[in-house]
Each structure stands twice: as structure tokens, then as C-alpha cells.
Undergrad: 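Structure below; questions to follow.
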Amino acid sequence: MPINILITGAKGQLGSELQEIQAKYPEFNFIPTDVDELDLTKKEAVATFIDTHKINYIINCAAYTAVDKAEDDVELCYKINRDAVNNLAEAANGKAKIIHISTDYVFDGKTTAPYKTTDATHPQSVYGKSKLAGEDVLLAACPESIIIRTAWLYSIYGNNFVKTMLRLGKERTKLNVVYDQKGTPTYAADLAQAILSVIVHSEKTQIFPAGIYHYSNEGVTTWFDFTEKIFQLAGITTCTVHPVTTGQYPTKAARPQYSVLDKTKIKKTFEIIVPEWEHSLEKCIARL
Ligand SMILES: NC(=O)c1ccc[n+]([C@@H]2O[C@H](COP(=O)([O-])OP(=O)(O)OC[C@H]3O[C@@H](n4cnc5c(N)ncnc54)[C@H](OP(=O)(O)O)[C@@H]3O)[C@@H](O)[C@H]2O)c1
């Protein structure tokens with residue numbers, strides 16, 4: 001019997017990276033969909049799709065990810081980040097196992113130690129609140145699910161900080177970048193690999209250890225240092241990076257000041273080795 005894995009939001013950063021590595025897993029039958037093939041806000045269509053395709057696992061990469069735009073686009077943001085997750089959860093319960101992706105923005109960032117999966121949440125933005133609401137409806141409707149919170153995601157695909165900085169670094173001679181927000185970048189290709197390790201582990205042990213996990217690359221940095229590393233690896237020497245405070249670079253949505261994630265649980269449970277963020281950044285820039 002084939003193991004059917006539904007990838008939602010397959011045209012996004014993470015969904016695209018999952019498709020890149022699918023050839024390494026011939027035992028799995030990947031079914032990539034994005035909004036055109038399967039709009040997750042359509043409840044009946046979601047249920048029918050899961051039944052018709054005999055889905056065993058769902059990797060939910062679909063999301064409303066425009067963090068600043070979400071402050072004015074509250075209804076659509078919740079429709080995708082909460083209600084669509086509920087549709088998946090209700091349709092999958094007892095049939096398919098869900099691996100859902102969430103965010104460091106569920107935290108307020110008012111700490112100085114890496115966030116454990118058990119730490120209290122307190123999102124500061126509409127996006128963060130909608131993602132937390134998505135976690136809650138998932139665990140209520142389909143408690144045997146896995147949630148992986150990640151942070152500062154980038155990839156060769158889609159729009160992300162690395163690609164923006166590479167473009168601006170070539171266009172400008174000077175850039176102001178925030179230095180007082182700490183976190184860890186996550187190369188979507190590494191996260192994709194970690195997600196498939198979860199499924200491989202689950203198939204091998206026949207145990208699906210439901211609950212919340214954290215995944216990012218190893219290490220800690222700031223947006224300023226991240227940018228300097230991007231420029232160094234890409235050989236950009238014509239643009240100077242200036243450190244500024246969050247107050248000097250206001251954004252519509254508040255970001256956590258500190259959002260380093262503690263990855264102990266995911267590393268131990270699934271025996272995952274997490275690459276250092278600089279090494280992964282180098283790999284991504286080489287691919288771009
Ligand atoms: N990006 C980050 O820095 C970051 C950080 C932490 C956590 N995360 C989380 O990581 C996950 C993956 O993020 P990503 O950066 O890969 O996202 P992404 O590139 O924005 O991709 C999300 C995909 O979902 C699709 N989608 C939107 N509405 C949909 C619907 N109703 N039905 C089906 N698909 C729909 C989007 O299509 P359209 O483009 O047409 O809307 C897009 O292709 C998300 O859960 C996100 O919240 C991201």
C-alpha cells in the first residue's frame with residue numbers, strides 16, 4: 001500500500017522544498033496541492049480530497065504569511081490560518097495524520113532564554129494570533145497531530161529576507177537593518193528534511209508522537225548580523241549595512257524581540273541533527 005502524503009501550500013517556500021527532496025523518498029507518494037488544486041477554506045472539498053486520495057499524512061505548509069498586511073486583512077488571515085486548519089483537522093481526524101507548521105510569532109519575545117514548547121504563548125500581531133488560533137483548533141479537532149513551530153524561514157523559493165537583502169544589496173549602497181531582534185534563521189530545505197524524518201520515524205516505529213515541537217537552524221543571530229553574513233557569502237561589497245533599533249525601523253506588525261526556539265524535543269524524539277544557520281545559508285546562496 002502506498003503512503004500518500006498531501007502537501008498543502010505546495011507552491012510556497014516550504015512546500016517547494018518538500019517537493020525538491022521527494023525523489024529521496026520513493027516509498028512515499030507525494031500529492032502536492034496549492035490553492036488552485038485544493039482551497040483549504042472549502043470545507044467539503046478538503047474532506048472529499050482526503051477521502052478520495054486515501055491520504056495517510058498531511059503536511060500543512062499553507063498559510064497567510066504576509067505579517068504586516070495581516071494587521072488590516074484580519075478576516076482573510078484568520079480564514080486561512082485558523083478556519084482552514086480546522087477544516088483539515090475535522091476531515092483528517094481518525095484518517096490522516098497532520099504535521100502542521102506554526103511560528104515563533106506565537107511568543108511575545110520578552111525573554112532571553114530559548115523558548116521551550118511548553119512556554120506560555122502571547123502573540124503580538126494579528127498573524128501570530130491567527131497562527132496560535134490555528135494551533136488551538138487543530139489540537140481540539142484532531143488531537144493526535146504534530147505542530148512544528150519554526151522561525152525566520154527562507155529558501156530559494158518565494159519571497160523571503162535573504163532574497164530581499166540580495167536584491168537590495170545590489171541596488172543600494174547603504175541599508176539600515178534592525179540589530180535588537182534576536183532569533184535563528186531556518187533554511188526551508190532543512191525543515192523539509194526534518195519533517196520527512198518525522199514521517200520516516202513514525203512509519204518505522206508505528207508511533208506518531210503528537211504534540212508541539214520547535215525547529216530552526218542552530219545558533220542565534222540578529223537581522224543585522226544575518227544581513228552581513230548574506231552579503232559576505234554573496235560577495236556583495238558595494239552596500240554598507242547600518243545597525244538600527246526596532247524603534248528606528250517601525251513595522252505595522254510587532255515582531256518578538258527575542259524568538260530563539262529550543263529544539264531539544266524535536267532533536268531527541270526524532271534523532272534529528274540540525275545544521276548551523278551559517279552553513280545552511282551558504283548552501284542556499286550557492287543555489288540562488
Ligand atoms: N516565512 C516565514 O518566515 C515563517 C516563519 C515562521 C513560520 N512560518 C510558517 O511556515 C509555514 C510555511 O511558510 P512559507 O514561508 O513556506 O509560506 P508561503 O511561502 O507564504 O506559502 C504558503 C502557501 O500557501 C498558499 N495558500 C494560501 N491560502 C491557501 C488556501 N486557502 N488553500 C491552499 N493554499 C493556500 C499560498 O498561496 P498564495 O501565495 O497564492 O497565497 C502559498 O503558496 C507557514 O505555516 C508559515 O506560517 C513561516
Side-chain angles (χ1 to χ4, degrees), residues 6-20 31-46 49-50 58-70 73 75-88 91 98-107 109 115 121 123 125-135 138 145-165 181 183-192 194-195 212-217 223 226 251 253 255-256 259-261 263 277 284:
L6 168 63
I7 302 174
T8 64
K11 289 187 182 148
Q13 298 193 76
L14 181 58
S16 299
E17 293 288 5
L18 279 162
Q19 292 182 76
E20 277 276 330
I31 304 168
T33 62
D34 207 283
V35 65
D36 291 342
E37 299 80 31
L38 179 61
D39 181 345
L40 299 179
T41 63
K42 306 259 184 321
K43 196 178 180 75
E44 275 178 28
V46 171
F49 196 98
I50 290 171
I58 298 165
I59 306 174
N60 185 27
C61 309
Y64 183 109
T65 56
V67 175
D68 289 314
K69 209 170 147 210
D73 206 3
E75 201 178 319
L76 181 60
C77 181
Y78 271 85
K79 205 172 163 193
I80 298 169
N81 290 348
R82 179 193 59 197
D83 302 346
V85 179
N86 190 52
N87 292 343
L88 271 178
I98 299 181
I99 299 173
H100 172 69
I101 310 304
S102 191
T103 174
D104 55 332
Y105 284 22
V106 297
F107 295 115
Y115 277 110
T121 53
S125 60
V126 168
Y127 168 76
K129 286 174 190 162
S130 72
K131 291 293 290 185
L132 182 60
E135 293 186 5
L138 173 60
S145 297
I146 284 180
I147 293 170
I148 303 178
R149 295 186 186 132
T150 190
W152 296 27
L153 199 65
Y154 69 90
S155 150
I156 62 165
Y157 300 104
N159 297 315
N160 56 65
F161 186 79
V162 174
K163 288 171 76 178
T164 303
M165 288 300 124
Q181 289 173 25
T184 317
T186 305
Y187 183 27
D190 294 338
L191 176 58
I195 292 168
I212 298 176
Y213 296 83
H214 287 168
Y215 185 94
S216 69
N217 280 118
W223 293 111
F226 190 21
T251 49
R255 266 82 173 158
S259 70
V260 178
L261 300 174
K263 302 171 289 292
W277 73 265
C284 178

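Position 1 is the first residue of the sequence; numbering continues from there. All values below come from the heavy atoms of this structure, side chains included, with hydrogens, waters and symmetry mates left out. Counting convention: from 1, in listed order, for ligands and their atoms alike.
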Undergrad: What do you reckon, does Cys61 put a non-hydrogen atom under 4.0 Å from ligand 1?
TA: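 Yes, Cys61 has heavy atoms under 4.0 Å from ligand 1.
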
Undergrad: Of Trp223, Phe161, Trp277, which is the lone residue that meets ring pair (Phe, Tyr, Trp, His ring centres under 6.0 Å) with Trp152?
TA: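 Option passing the ring pair (Phe, Tyr, Trp, His ring centres under 6.0 Å) with Trp152: Trp223.
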
Undergrad: At a 4.0 Å cut-off, with the gap strictly under it, does some heavy atom of Tyr127 reach an atom of ligand 1?
TA: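 Right, Tyr127 reaches ligand 1.
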
Undergrad: Can you tell me how far CD1 of Ile99 sits from OH of Tyr213, rounded to the nearest 0.5 angstrom?
TA: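 Tyr213 atom OH to Ile99 atom CD1 measures 10.0 Å (nearest 0.5 Å).
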
Undergrad: With side chain to side chain donor-acceptor pair (under 3.5 Å) as the test, pick out the partner of Tyr157 among Gln19, Glu20, Gln13.
TA: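 Single pass found, and it is Glu20.
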
Undergrad: Can you find a non-hydrogen atom of Ala188 under 4.0 Å from ligand 1?
TA: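 Per 4.0 Å heavy-atom rule, Ala188 does not contact ligand 1.
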
Undergrad: For Thr150 and Thr186, what are the C-alpha separation, side-chain angles and deciding distance, and is it a side-chain hydrogen bond (donor to acceptor under 3.5 Å, both in side chains)?
TA: CA-CA 7 Å; Thr150 190; Thr186 305; 3.3 Å; yes

Undergrad: Can you confirm whether Thr164 sits close enough to Asn160 that some side-chain heavy atom of one is under 4.5 Å from a side-chain heavy atom of the other?
TA: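 Not touching, per the 4.5 Å side-chain cut-off.
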
Undergrad: Counting C-beta onward and ignoring hydrogens, is there a side-chain heavy-atom pair between Ile98 and Ile146 closer than 4.5 Å?
TA: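 They are not in side-chain contact.
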
Undergrad: Looking only at protein heavy atoms, which one is nearest to atom 15 (O) of ligand 1, and what is the separation?
TA: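 The closest heavy atom on the protein side is Gln13 NE2, 2.9 Å.
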
Undergrad: Thr41 heavy atoms, cut-off 4.0 Å: which ligand 1 atoms fall inside?
TA: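 Close to Thr41: 31 (N).
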
Undergrad: How far is atom 32 (N) of ligand 1 from the closest protein heavy atom, and which atom is that?
TA: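 Closest protein heavy atom to atom 32 (N) of ligand 1: Leu40 N, 3.1 Å.
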
Undergrad: Short N/O distance, under 3.5 Å, between Ile80 and ligand 1?
TA: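 Among all N and O atoms of Ile80, none is under 3.5 Å from an N or O of ligand 1.
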
Undergrad: Identify, for atom 10 (O) of ligand 1, the protein heavy atom at the shortest distance, and state residue, atom and that distance.
TA: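 Heavy-atom neighbour on the protein nearest atom 10 (O) of ligand 1: Ile101 CG2, 3.2 Å.
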
Undergrad: Counting only heavy atoms, which portion of Ala84 has something under 4.0 Å from ligand 1: side chain, backbone, both, or neither?
TA: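 Neither; no heavy atom under 4.0 Å.
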
Undergrad: Using non-hydrogen atoms of the residue, decide whether Asn159 is closer than 4.0 angstrom to ligand 1.
TA: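 Under 4.0 Å: no for Asn159.
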
Undergrad: Would you check whether Asp39 has a nitrogen or oxygen atom less than 3.5 angstrom from a nitrogen or oxygen atom of ligand 1?
TA: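 Checking ligand 1 against Asp39, an N or O pair does fall under 3.5 Å apart.
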
Undergrad: So which heavy atom in the protein is nearest atom 27 (C) of ligand 1, and how far is it from that ligand atom?
TA: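 I find the closest protein heavy atom is Ala63 O, 3.6 Å.
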
Undergrad: Which of the atoms of ligand 1 are close to Thr103, meaning less than 4.0 Å from one of its heavy atoms?
TA: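 Near Thr103, meaning under 4.0 Å from one of its heavy atoms, ligand 1 has 6 (C), 7 (C).
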
Undergrad: I need the nearest protein heavy-atom contact for atom 17 (O) of ligand 1: residue, atom name and distance, please.
TA: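 Result for atom 17 (O) of ligand 1: Thr65 CG2, 3.6 Å.
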
Undergrad: Look only at interatomic distance and state if Gly15 has a nitrogen or oxygen under 3.5 Å from any nitrogen or oxygen of ligand 1.
TA: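 For ligand 1, there is no N or O atom that lies under 3.5 Å from one belonging to Gly15.
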
Undergrad: Return yes if a side-chain donor-acceptor contact under 3.5 Å exists between Tyr64 and Asp73, otherwise no.
TA: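 Distance-only check passes for Tyr64 and Asp73.
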
Undergrad: Using 4.0 Å as the upper bound for N to carboxylate O, is an ion pair formed by Asp83 and Lys43?
TA: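 Answer for the salt bridge query: no.
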
Undergrad: At what distance is the nearest protein heavy atom to atom 4 (C) of ligand 1, and which residue and atom is it?
TA: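 Of the protein heavy atoms, Leu153 CB, 3.6 Å lies nearest.
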
Undergrad: Do Ser102 and Glu135 have side-chain heavy atoms sitting under 4.5 Å apart?
TA: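 Touching, per the 4.5 Å side-chain cut-off.
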
Undergrad: Does any N or O atom in Lys131 lie less than 3.5 angstrom from one in ligand 1, N or O only?
TA: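 Yes: some nitrogen or oxygen of Lys131 is under 3.5 Å from one in ligand 1.
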
Undergrad: Would you call Lys131 and Asp104 a salt bridge, using N to O less than 4.0 angstrom?
TA: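 So Lys131 does not pair with Asp104 through a salt bridge.
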
Undergrad: Nearest heavy atom to atom 34 (N) of ligand 1: which of Ala62, Gly183, Ala151, Pro185 does it belong to?
TA: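 Selected option, by shortest heavy-atom distance: Ala62.
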
Undergrad: Please work out, at 4.0 Å between heavy atoms, whether the side chain, the backbone, both, or neither of Leu38 comes within that distance of ligand 1.
TA: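 It is the backbone that gets close, since no side chain atom is under 4.0 Å.
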
Undergrad: At a 4.0 Å cut-off, with the gap strictly under it, does some heavy atom of Asp34 reach an atom of ligand 1?
TA: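 Judged by the 4.0 Å heavy-atom criterion, Asp34 does count as contacting ligand 1.
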
Undergrad: For atom 21 (O) of ligand 1, what's the nearest protein heavy-atom neighbour? Residue, atom name and distance, please.
TA: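 Closest protein heavy atom to atom 21 (O) of ligand 1: Gly12 CA, 3.2 Å.
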
Undergrad: Please check if the number of heavy atoms outside Asn159 that lie under 6.0 Å from its CG is greater than 12.
TA: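 Check fails, neighbour count at 12 or below.
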
Undergrad: Any protein heavy atom sitting closer than 4.0 Å to atom 43 (O) of ligand 1?
TA: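 Within 4.0 Å: yes, protein heavy atom nearby.
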
Undergrad: I need the minimum non-hydrogen distance between Gly183 and Val260, along with the two atoms involved.
TA: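 Scanning both residues completely, I find the closest heavy atoms to be CA-CG2, 3.9 Å.
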
Undergrad: Taking atom NZ of Lys163 as the centre, report whether more than 12 heavy atoms of other residues, nucleotides or ligands fall under 6.0 Å from it.
TA: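 Atom NZ in Lys163 is packed in, count exceeds 12.
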
Undergrad: Any protein heavy atom lying closer than 4.0 Å to atom 39 (O) of ligand 1?
TA: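 It does not; no protein heavy atom is within 4.0 Å.
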
Undergrad: For atom 16 (O) of ligand 1, find the nearest protein heavy atom and state the residue, atom name and distance (0.1 Å precision).
TA: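 Answer for atom 16 (O) of ligand 1: Leu14 N, 2.9 Å.
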
Undergrad: With rounding to the nearest 0.5 angstrom, report the CD to CD1 distance, Glu75 to Ile80.
TA: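 Here the rounded value is 11.0 Å.
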
